[in-house]
Chemist: 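Let me begin by handing over the structure; questions about it come next.
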Protein chains: 2
Amino acid sequence: MFPPPPSRPLRVARKQPSPRTLHSAEIELLQQHSLTSLVQRELERQIVSGELASGAKLNEADIAGELRVSRGPVREAFRALEQAGLVRLEKNRGVFVRQVSLEEANEIYEVRAALDGLIGRLAARRIRPEQLARVRAIVKRMHAVGRARDADAYFPLNLEFHEVLAEAAGNRALRANYRRVVNELDLFRRETLVRNAQNIPISTRDHEAILNAVVKGDSALAERLLFEHVINSRERLHLALKNPPARAPRSARKAA
Amino acid sequence: MFPPPPSRPLRVARKQPSPRTLHSAEIELLQQHSLTSLVQRELERQIVSGELASGAKLNEADIAGELRVSRGPVREAFRALEQAGLVRLEKNRGVFVRQVSLEEANEIYEVRAALDGLIGRLAARRIRPEQLARVRAIVKRMHAVGRARDADAYFPLNLEFHEVLAEAAGNRALRANYRRVVNELDLFRRETLVRNAQNIPISTRDHEAILNAVVKGDSALAERLLFEHVINSRERLHLALKNPPARAPRSARKAA
DNA sequence: AGATTGCGGATTGTTGACAATCTGCAATAT
DNA sequence: ATATTGCAGATTGTCAACAATCCGCAATCT
């Protein structure tokens, strides 16, 4: 096992006798973040992007070495990531990328449905014109992608659709909670790797109906449609898991 | 400023040559928790109990000294508490017990309403007999306390009522999210110190109606009633803030 | 007088070292 | 052959020291 080539260091050069003039914005931005927060962000990125597989073990020393940082900030980042639901800590054993079981995912889906319902209710009333334009554009692209049965292209569009609506709801607490829940569900989806192109037309129809409700400002309808959309997504996921489409459905990877 | 008398140490005696026999349960329980998790739990307790006032500054060295622990575990606990929404970190400045503004509280109330709605929907279907008995008993005590206009006694009953329902919903992810949200709201309520005895009868009537819906297993009704109960609580809070009952309403304490 | 600059103490950020625990494997015993 | 014991290396938990930053106050300048 070779030590990976040390990637770009996170460190914000401690001593900065460099005469190069920094614009004040740059200075403040760099000074704002501690090493811990940078490590946290980087690990979060690697986890949600799938670079770090579900269930993978995170070695303190290795990560510290790769990011050119001592173990302290890494440990602090671990504590934050645990609260965020992205990793699991086992005392004296190590930390692992969280594995979300089907049962957990089912529960999380319900929470997400409730939050998405509220998002619909609020967004229908508060969405701003430029946000509405973005949603329209996304749905338009969904149609194109759907005709091509391109599941890989559809996936990020789906995320973006819901992201814009969450923003349009104009409630920061709601958005923060929503993000956390979606992150956890992504952990599960990444593990199961189920992306059924068959469902794209159904999903797109859902999105179109939601968009229409938001356009009309019908908050009750938008709420109901979004809630049901999430629950239906869950059911479609169950079906896909029972009838594995082509690839293996559940690679029950354990910790390394 | 005298150094506070060092309270009981958290430390789980490193070397334990003590011959006293420990029951296996004790051993496992102590070994399970790292100092970090114990510090975290202790600080969380102090914050939600109000021992640490909203906005108070938490000094690493002081806390470490009081708990007989080095600064490392304290810093790790801070990171976890930040993600839990209980403290705010300012780089190179320190950590402070989070202050929840009225605007934030309004947003959080909406999130709580959505989660409580889901709790009602699920609890109406899944509540078990002994949980139902507990809810009945709580509502009964609420009536007694309400007749006495005893706001201090009513407050914990209110918490317990919702806690039991959250448990009855039988969804761990929901319960975890709900707890976090309620914690944040408690932060706000503790700051405003509004406990209006006038509202007890109204609140109790709400709870009774919710209980009836749950008994009937009417999930749609329970969902609606719980959602509206939370929103109405928020409105009552607004009224109480506008018409300060007796004591000063908003003691805008800044950091120490 | 009011604003600015320059210490000095206090506090936070980071690091490396040490202690404790776990894991895997080999040696031994049954 | 199987189970148990006892290392040795690797990994995590904790700590104390060092570096960097911030804050308040006095000295200085305009």
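Lettering follows sequence order; numbering is per chain, from 1. If you're wondering where the values come from, they're calculated on a predicted model, not measured in any experiment.
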Chemist: Tell me, please, which residues at least two apart from A:Tyr154 pass ring pair (Phe, Tyr, Trp, His ring centres under 6.0 Å).
Modeler: none
Chemist: Just to verify, what does B:Glu60 make a side chain to side chain donor-acceptor pair (under 3.5 Å) with, not counting sequence neighbours?
Modeler: B:Arg71, B:Arg75
Chemist: Is any side-chain heavy atom of A:Leu67 closer than 4.5 Å to one of A:Val74?
Modeler: no
Chemist: Applying side chain to side chain donor-acceptor pair (under 3.5 Å), can you list everything that pairs with B:Arg98, at least two apart in sequence or on another chain?
Modeler: B:Glu104, B:Glu184
Chemist: Any idea which of C:dG16, D:dG13, D:dT14 is nearest the A:Ser70 side chain?
Modeler: C:dG16
Chemist: Has B:Asn92 got a side-chain N or O lying under 4.0 Å from the OP1 or OP2 atom of C:dT12?
Modeler: no
Chemist: Tell me the interatomic distance from A:Arg88, atom CZ, to D:dT12, atom P, rounded to whole angstroms.
Modeler: 13 Å
Chemist: In this structure, how many angstroms lie between the P atom of D:dT14 and the CG atom of A:Leu89, rounded?
Modeler: 11 Å
Chemist: Please tell me if A:Lys57 has a side-chain N or O lying less than 4.0 Å from either OP1 or OP2 of D:dT12.
Modeler: yes
Chemist: Do NZ/NE/NH1/NH2 and the carboxylate oxygens of A:Arg179 and A:Glu44 come within less than 4.0 Å?
Modeler: no
Chemist: Given atom CG of B:Asn59 and atom C1' of C:dT12, what is their separation to the nearest angstrom?
Modeler: 9 Å
Chemist: B:Lys91 has an atom NZ; how far is it from atom P of D:dA20, in whole Å?
Modeler: 12 Å
Chemist: Name the nucleic acid region contacted by B:Leu58, choosing base, sugar-phosphate or nothing; use a 4.0 angstrom heavy-atom cut-off, strictly under.
Modeler: sugar-phosphate
Chemist: Quick one: A:Glu90 CD to C:dT21 C1', roughly how many Å, whole number?
Modeler: 14 Å
Chemist: Go through the structure and list residues passing ring pair (Phe, Tyr, Trp, His ring centres under 6.0 Å) with B:Tyr109, not counting sequence neighbours.
Modeler: none
Chemist: Once you round it to whole Å, what is the distance between C1' of D:dT14 and NE2 of B:His33?
Modeler: 18 Å
Chemist: Under the side chain to side chain donor-acceptor pair (under 3.5 Å) rule, collect the residues that match up with B:Asn183, sequence neighbours excluded.
Modeler: none
Chemist: Please list, by residue number, the residues of residues 71-82 of chain A whose heavy atoms come closer than 4.0 Å to an atom of DNA chain C; answer none if no residue qualifies.
Modeler: A:Arg71, A:Gly72, A:Pro73
Chemist: Could you tell me the separation between the CG atom of A:Leu67 and the C1' atom of C:dG13, rounded to a whole number of Å?
Modeler: 17 Å
Chemist: Between atom CZ in A:Arg68 and atom P in C:dT14, what is the gap in whole Å?
Modeler: 17 Å
